Structures are given as structure tokens and as C-alpha cells.
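For reference, the structure is listed below as C-alpha cells.
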Amino acid sequence: MARWIYGVGGFLVILSFYFFLFYSVRAFNITPDRPSASFTAPDYRFVLVTEEIDNDYWRLVEKGAREAATKYNVSLEYTGPKQANLEEHIKTIEMAAASKPDGIMAQGLNQDVSATIINHVTEKGIPFLTVDTDAPDSKRVAYVGTDNYYAGFLAGQALLKDTIDEVKVGIITGRFDSANQKLRVEGFKDAIKYSDRVDVVAIDASQITRIQAAEKTYEMIKAHPEINAFYGTSALDAIGIVQVLESIGMTDQVYVIGFDVLPETMQLLKDGKLEATVEQKPYEMGYNAVELMIQIIEGEDVSTYHHTKTEVLRKKDLKQLERTTPGGIKLP
């Protein structure tokens, strides 16, 4: 009798649990993970490795890449270090390669490590595209991005056009070991080298942070009070430069040209605190990189260099930029 009672009790407990589970699932609208009837498996899987994952510039590269990925039915993973760090960047590329994607898109790194890591990836049969910064001595299949030497040359020409009399220039660059930053400095110097009124008197690195850009600017002004122009070669440099000039009341006395079209940069341009900036096309870099990677995988012949447009913007150009920017940049 006792065994029968325990059996019935156990049955009722199980039945109660079943009804509880059934109605809980209905109440919370929980459904098993099943492929949607309209789900289509992606044709390819690509990884975009950024220099710094939350950097506004690289978010625009990501935006372009994602729009192209959606159009062409590609799965895209966006990853990278939280802050610019060469060792972390290398590890991220290695992890991406270990996941065996159909293609990897990333910056070329400094000359000492670019060929090693990129060649290691390509030897695994994974095509590697360099984006924003090239690594021409490696086995990368192609480069998509700015002609960085030409961009620096344009900056130098702009300074010559916009200034008169003697100009003493301080350069704040992102990193001394970055190939694209080196080219931007080299192009700038070549543009001004035949001028007898413009000289570069100091150069220092910001490590691609506005805080260090500001610190290096302040130190440079203290050491070289004759400086009356600054050139910032990475996206945050001009912002840090202007911050210091504002704090010491020298905004109207010093010419500043920077790089990229971040919202803060555009506000400084609008306010007249920044004279010019070199506009790159990060959205197009991302979009074109995905298209090019597909062409490579499908066996099409592609050229090695795919340079996106570069130009110098001044305050008068803001309205035109707002109308023509596909990356969705919100101007002030």
C-alpha cells in the first residue's frame, strides 16, 4: 500500500513539473533554437581585425564592411584589441586564423612583424588583405586604403597654400613604428622641402591617444616656443593639439592641420579652431575590402593596390561633405 502511494505521489510530482514547464515556456515565449525557414547560410566568413576596436575611425571601416557583407551574404566578424597594442593585435590575428575563416582583413603592422604574421596566415591557405596600412613586403594579396604618402603630401601642400611668412612646424604622429604614420610624415616633409620659409622643428608620437597628443603638444611648445603650426597624422592628434592650444589661449595664433573626419574634428573645423584635415574614406575601405576578398576567393584577377580617395577639407567644404558622405557621418 505504501509503495502504491509513493508511486502515485511521484507520478503527480512529475506531471506537475511537466505542466509548470509547458506553461512557463508559453508564458515567456521561449522557443527552441531552430533555423528560420528563411535562413540562408552565408557564402563566406571573413574576419576584420582592427587596430583598436572602439576607435571611431575603425567603426566606419566596420560599417562599410558590414553593409557589403549583408549585400553579398557574407558572415563578418569584427575584432581587435581594446586599445592599440602591437602584441594584442598579433594575437588577435593568430586567433582569427585559428578559426579558419575564408579570409582575413587587417592593418599591416610594423615592418619587423608584418611579413612574419601575414605570411604565416597565407601559408595556411587563408587570403590576407591589408586595410588602411599596407605591408608590401609580405604575402598579402592586396591593399585597400589610403595612399598614405600622397595623403601626407597633400597635407604639406595645404599648409603651404594656407600660410604666409615663416612657419615652424611641430608634428604629432600616431606611432613611430607604424608604416602608414611614417608615410604621412615622409609625404608631408617632401611637400615642404623646397620651401625656404617652412621648417619642421620637432616631432613626437601620441601612441594614437588624444591624452598623449595633448601632452606631447604641450611639451613641444615649451621646448620650441617658436612653433606656429602643427600637423597631426592620426585621427586623434589634432583634437589633442587643439585642446592644448585652447587651454593656453593660442588657438588663433597657431595653424593646425589634422587627419580624418571624426565628429569632434568636424566641430573644431566648423568653429575655426582647426584649419584643415585630411579626409580618408574608411567606410569605402571596409566596403571595398569585402568586395575584393570575394573576387579573390572566386579566382578573379585583381590588382595589388586599391587606393581610396583622399582630399583636404576646410570649413568651407563641410556642407558638401555632409551631402556626399556614404558612411553616415553626422556633421555639426
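Since the model is a prediction, treat every value here as computed from it, not as a measurement.
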Taking 4.0 angstrom as the limit, do [X] and [Y] come out as a salt bridge?
| X | Y | result |
| --- | --- | --- |
| Glu186 | Lys182 | no |
| Asp271 | Lys315 | no |
| Glu67 | Lys71 | no |
| Glu51 | Arg175 | yes |
| Asp56 | Arg59 | no |
| Arg45 | Asp102 | no |

Looking just at side-chain N and O atoms, do [X] and [Y] make a donor-acceptor pair shorter than 3.5 Å?
| X | Y | answer |
| --- | --- | --- |
| Gln280 | Thr146 | yes |
| Asp132 | Tyr57 | yes |
| Ser178 | Asn180 | yes |
| Tyr44 | Glu298 | yes |

*Which word best sums up how the rings of Tyr305 and His307 line up, parallel for under 30°, tilted for 30 to 60°, or perpendicular for over 60°?*
tilted

Heavy atoms, side chains only, cut-off 4.5 Å: are [X] and [Y] in contact?
| X | Y | result |
| --- | --- | --- |
| Ile117 | Leu109 | yes |
| Glu215 | Gln212 | yes |
| Tyr78 | Val49 | no |
| Leu76 | Met105 | yes |

Once you round to the nearest 0.5 Å, how far does [atom1] of [X] lie from [atom2] of [Y]?
| X | Y | atom1 | atom2 | result |
| --- | --- | --- | --- | --- |
| Ile203 | Gln181 | CD1 | CD | 9.5 Å |
| Leu183 | Thr133 | CG | OG1 | 9.0 Å |
| Asp204 | Met220 | CG | CE | 5.0 Å |
| Leu236 | Gln243 | CG | CD | 11.0 Å |

*Thr233 and Val185: which non-hydrogen atoms are nearest, and at how many Å?*
CG2-CG2, 4.0 Å

*With respect to Glu264, which candidate in Arg210, Lys273, Lys270 satisfies the salt bridge (Lys or Arg N to Asp or Glu O under 4.0 Å) definition?*
Arg210

*Looking at Asn119, Thr122, Asp134, which one forms a side-chain hydrogen bond (donor to acceptor under 3.5 Å, both in side chains) with Arg140?*
Asp134

*Can Leu313 be reached from Ile241 by stepping across I, L, V, M, F, W or Y side chains whose heavy atoms are under 4.5 Å apart?*
yes

*Linking I/L/V/M/F/W/Y whenever any side-chain heavy atoms sit under 4.5 Å apart, do Tyr255 and Ile239 land together?*
no

_Neighbour count above 12 (heavy atom, 6.0 Å) for Gln83 CD_ = no

*Report yes or no: is the cationic atom of Arg184 (NZ for Lys, CZ for Arg) under 6.0 Å from the centre of the six-membered ring of Phe259, at an angle within 45° of the ring normal?*
yes

